[in-house]
Asker: 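What follows is a structure written as structure tokens; I'll ask about it next.
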Amino acid sequence: MDFGLVLQTDPPASAVIELMRRAERCGFTYGWTFDSAVLWQEPFVIHSQILARTERLIVGPMVTNPGTRTWEVTASTFATLNSMFGNRTICGIGRGDSAMRVAGRRPNSLAVLEEAIHVIRELAEGRTAEVDGTPIRIPWVEEGARLPVWTAAYGPKALALTGAKADGFILQLADVYLTEWMVKAVRDAAAAAGRDPADVTICVAAPAYVTGDDSPEALAHARDQCRWFGGMVGNHVADLVSRYGESSSLVPAELTDYIKARQGYDYAHHGRSGNPDAAFVPDEIVDRFCLVGPAEAHIDRLRRLRALGVDQFAVYDMHDAKERTIDAYGGTVIPALTG
């Protein structure tokens, strides 16, 4: 199992870079950042510095979207970084939640996302693709350039698109039951599209908070530091409920039931511990969606996820114990999962 670190690009950028360097020293192999240009600093500028100051880390957004940048610019940015640092980038992409909504726009349709996956990959790897009806090719892309494109998804249509077209699947929660359900949907879609399901890399991303013990006080603090995640996931779940209904057989109740008490969402607090719009998220959901508790509890959950075919666990490190979490994973958790 690979391990990734996920950060917001809050200023100062130097702190983001140093956390990524720390993660590489601790055995993490992927470095991910949010991509929402209004809420945080521009990630690709910071990616360049992360790549320059690490040796092996694979770096990319979790996730970008097809709406806030033109596709040839996105492809050119990745191709430039790969030319500079040797195929060490990855494109996580989705419909766009915070980046689009903060700017007053709706997330992109799945049809647009599907086309963008194809165009960005083709251009970044030096092939010709059609953009707005015009065939274009980036002539300076070097032979052998590679850009894996991984799609973030929850709903049945997005999962089917991921299995049919993407190089990887990003699932933003660490619930064992839902992971099994969604991984099966992606693999079934890959097989239906004539692909080898094993060719789709599976990445689970969720907050992790390692406590010194399993005392009620330690667990309560860890849950409060990670509760924001249930609010963030709730945005996507609310979209699914509006599209498929509250009791559709196409979406598991284990995913949708908890948002019934959701009242709204202010992106000013997006992805931050203490988010007041996540107060509706119960402890049960924090425990299911996140990894909280002593290192042994993290190892046990990750072994169960690995048994389901999860290839990478990406740690959302947005809480009051960033360095301590990285170090605990490097000292105990990662060795237990990688030997």
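Quick caveat, the model's predicted, so the values are computed rather than measured.
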Asker: Under 4.0 Å between a Lys/Arg side-chain N and an Asp/Glu carboxylate O for Glu18 and Arg21?
Answerer: yes
Asker: Only counting residues at least two apart or in another chain, list the ones meeting salt bridge (Lys or Arg N to Asp or Glu O under 4.0 Å) with Asp2.
Answerer: none
Asker: Check whether Ile259 and Leu250 end up in the same hydrophobic cluster, where Ile, Leu, Val, Met, Phe, Trp and Tyr are linked by side-chain heavy atoms less than 4.5 Å apart.
Answerer: yes
Asker: Of all the heavy-atom pairs spanning Val112 and Pro66, show the shortest one and how long it is.
Answerer: CG1-CB, 3.9 Å
Asker: Check the pair Lys260, Phe280 against side-chain contact (heavy atoms from CB on, under 4.5 Å), reporting the backbone distance first and the verdict last.
Answerer: CA-CA 9 Å; Lys260 291 177 181 177; Phe280 73 94; over 6 Å; no
Asker: How far apart are the closest heavy atoms of Thr9 and Val16, and which atoms are they?
Answerer: CA-CG2, 4.1 Å
Asker: Measure the spacing between NE2 of His319 and SG of Cys290 and express it to the nearest 0.5 Å.
Answerer: 9.5 Å
Asker: One thing to verify: whether Arg288 and Glu284 come together as a salt bridge, which I'm taking to mean a side-chain N less than 4.0 angstrom from a carboxylate O.
Answerer: yes
Asker: Spell out, as yes or no, whether a donor-acceptor pair under 3.5 Å connects the side chain of Asp283 to the backbone of Arg223.
Answerer: no
Asker: Can you check side-chain contact (heavy atoms from CB on, under 4.5 Å) on Arg324 and Val210, steps first, answer last?
Answerer: CA-CA 8 Å; Arg324 192 167 75 241; Val210 181; over 6 Å; no
Asker: Report the distance from atom CE of Met232 to atom CE of Met318, rounding to the nearest 0.5 Å.
Answerer: 7.0 Å
Asker: Does atom CZ of Arg106 have more than 12 heavy-atom neighbours, drawn from other residues, nucleotides or ligands, at distances under 6.0 Å?
Answerer: no
Asker: Nearest 0.5 Å, please: how far is CD in Glu296 from CG in Asp214?
Answerer: 9.5 Å
Asker: Which of these passes side-chain contact (heavy atoms from CB on, under 4.5 Å) with Ile93: Thr74, Asn108, Thr151?
Answerer: Thr151
Asker: Quick one: do Arg187 and Asp199 make a salt bridge, cutoff under 4.0 Å?
Answerer: no
Asker: For the pair Lys157 and Asp239, find out whether any cationic side-chain nitrogen is under 4.0 Å from an anionic carboxylate oxygen.
Answerer: no
Asker: Just so I know, are the side chains of Trp71 and Glu115 near enough to count as touching, which here means a heavy-atom distance under 4.5 Å?
Answerer: yes
Asker: Is there a continuous path of hydrophobic side-chain contacts, each under 4.5 Å between heavy atoms, that joins Leu7 to Ile46?
Answerer: yes
Asker: Output yes when a side-chain donor or acceptor of Asp167 lies under 3.5 Å from a complementary backbone atom of Val149, and no otherwise.
Answerer: yes
Asker: Met20 and Met84: same hydrophobic cluster, using ILVMFWY side-chain contacts below 4.5 Å?
Answerer: yes
Asker: Quick one: closest heavy-atom pair of Thr325 and Asp317, and the distance?
Answerer: CB-OD1, 3.7 Å
Asker: Can Met100 be reached from Tyr154 by stepping across I, L, V, M, F, W or Y side chains whose heavy atoms are under 4.5 Å apart?
Answerer: no
Asker: Please check if the side chain of Arg303 supplies one atom and the backbone of Leu337 the other of a donor-acceptor pair under 3.5 Å.
Answerer: no
Asker: Would you give the length of the straight line joining atom OH of Tyr30 to atom CZ of Arg56, rounded to the nearest 0.5 angstrom?
Answerer: 13.5 Å
Asker: Counting only heavy atoms not in Asp132, do more than 12 sit closer than 6.0 Å to its CG atom?
Answerer: no
Asker: Could you check Thr54 against Arg88 for side-chain hydrogen bond (donor to acceptor under 3.5 Å, both in side chains), going step by step and ending with a plain yes or no?
Answerer: CA-CA 10 Å; Thr54 57; Arg88 287 174 54 204; 2.7 Å; yes
Asker: Rounded to the nearest 0.5 Å, what separation is found between the CG atom of Asp97 and the CD atom of Gln172?
Answerer: 9.0 Å
Asker: Any side-chain to backbone donor/acceptor pair from His270 onto Leu39? Under 3.5 Å, distance only.
Answerer: no
Asker: Any side-chain heavy atom of Cys203 sitting closer than 4.5 Å to one from Asp311?
Answerer: no
Asker: Kindly work out whether a path of hydrophobic side-chain contacts (I/L/V/M/F/W/Y, heavy atoms less than 4.5 Å apart) joins Leu291 to Leu219.
Answerer: no
Asker: Can we say Asp327 and Arg22 salt-bridge, meaning some charged N sits less than 4.0 Å from an Asp/Glu carboxylate O?
Answerer: yes
Asker: In Å, rounded to the nearest 0.5 Å, how long is the span from OH of Tyr209 to SG of Cys226?
Answerer: 8.0 Å
Asker: Among Thr162, Leu171, Ile202, exactly one meets side-chain contact (heavy atoms from CB on, under 4.5 Å) together with Met182. Which residue is that?
Answerer: Leu171
Asker: Run the salt-bridge test on Glu42 and Arg69 with the 4.0 Å N-O cut-off and return the result as yes or no.
Answerer: yes
Asker: Main chain of Phe3, side chain of Gln312: is a donor-acceptor contact present, judged purely on distance under 3.5 Å?
Answerer: no
Asker: Would you say CD of Gln41 has more than 12 non-hydrogen atoms from neighbouring residues, nucleotides or ligands within 6.0 angstrom?
Answerer: yes
Asker: Can you see which heavy atom on Leu110 is nearest to which on Ala158, and at what distance?
Answerer: CD1-N, 3.7 Å
Asker: Are Val119 and Val131 packed together at the side-chain level, in the sense that at least one heavy-atom pair is separated by less than 4.5 angstrom?
Answerer: yes
Asker: Quick one, Arg262 with Asn235, criterion side-chain hydrogen bond (donor to acceptor under 3.5 Å, both in side chains). Give me CA distance, side-chain angles, the key distance, then yes/no.
Answerer: CA-CA 9 Å; Arg262 180 178 182 267; Asn235 295 329; 2.6 Å; yes
Asker: Within a strict 4.5 Å, meaning less than it, do heavy atoms of the Val310 and Met1 side chains meet?
Answerer: yes
Asker: Which atom names give the shortest non-hydrogen contact between Ala75 and Ile120, and what distance separates them?
Answerer: CB-O, 3.7 Å
Asker: I'd like to check the ring-ring contact (aromatic ring centres under 6.0 Å, His included) partners of Phe169; sequence neighbours left out, ordered by chain and number.
Answerer: none
Asker: Minimum heavy-atom separation for Arg195 to Ala164, with atom names?
Answerer: CD-O, 3.3 Å
Asker: Given Trp32, which partner from the list Tyr316, Phe313, Trp150 fulfils the ring pair (Phe, Tyr, Trp, His ring centres under 6.0 Å) test?
Answerer: Trp150
Asker: Please test Leu173 against Phe229 for side-chain contact (heavy atoms from CB on, under 4.5 Å), starting from the C-alpha separation and ending with a verdict.
Answerer: CA-CA 9 Å; Leu173 52 81; Phe229 184 69; 4.2 Å; yes
Asker: Counting only heavy atoms not in Lys184 (residues, nucleotides, ligands), do more than 12 fall under 6.0 Å from its NZ?
Answerer: no
Asker: Checking the side chain of Tyr258 only, and the main-chain atoms of Gly230 only, is there a donor and an acceptor separated by less than 3.5 Å?
Answerer: yes
Asker: Determine whether Cys91 and Thr64 make a side-chain contact, defined as any pair of heavy atoms from C-beta on separated by less than 4.5 Å.
Answerer: yes
Asker: Has the side chain of Trp40 got a donor or acceptor atom that lies under 3.5 Å from a matching backbone atom of Ala37?
Answerer: no
Asker: Is there a donor-acceptor pair under 3.5 Å between the side chain of Thr211 and the backbone N or O of Ala218?
Answerer: no
Asker: So, Gln225 side chain and Asp320 main chain: donor-acceptor pair closer than 3.5 Å or not?
Answerer: yes
Asker: Apply side-chain contact (heavy atoms from CB on, under 4.5 Å) to residues Glu125 and Arg121 and explain how you reach the verdict.
Answerer: CA-CA 6 Å; Glu125 295 186 350; Arg121 185 198 291 123; 3.9 Å; yes
Asker: Quick check against the 3.5 Å criterion: does Arg306 have a side-chain atom that pairs as donor or acceptor with the backbone of Arg301?
Answerer: no
Asker: Give me the one residue out of Thr89, Asn87, Val73 that meets side-chain contact (heavy atoms from CB on, under 4.5 Å) with Phe78.
Answerer: Thr89
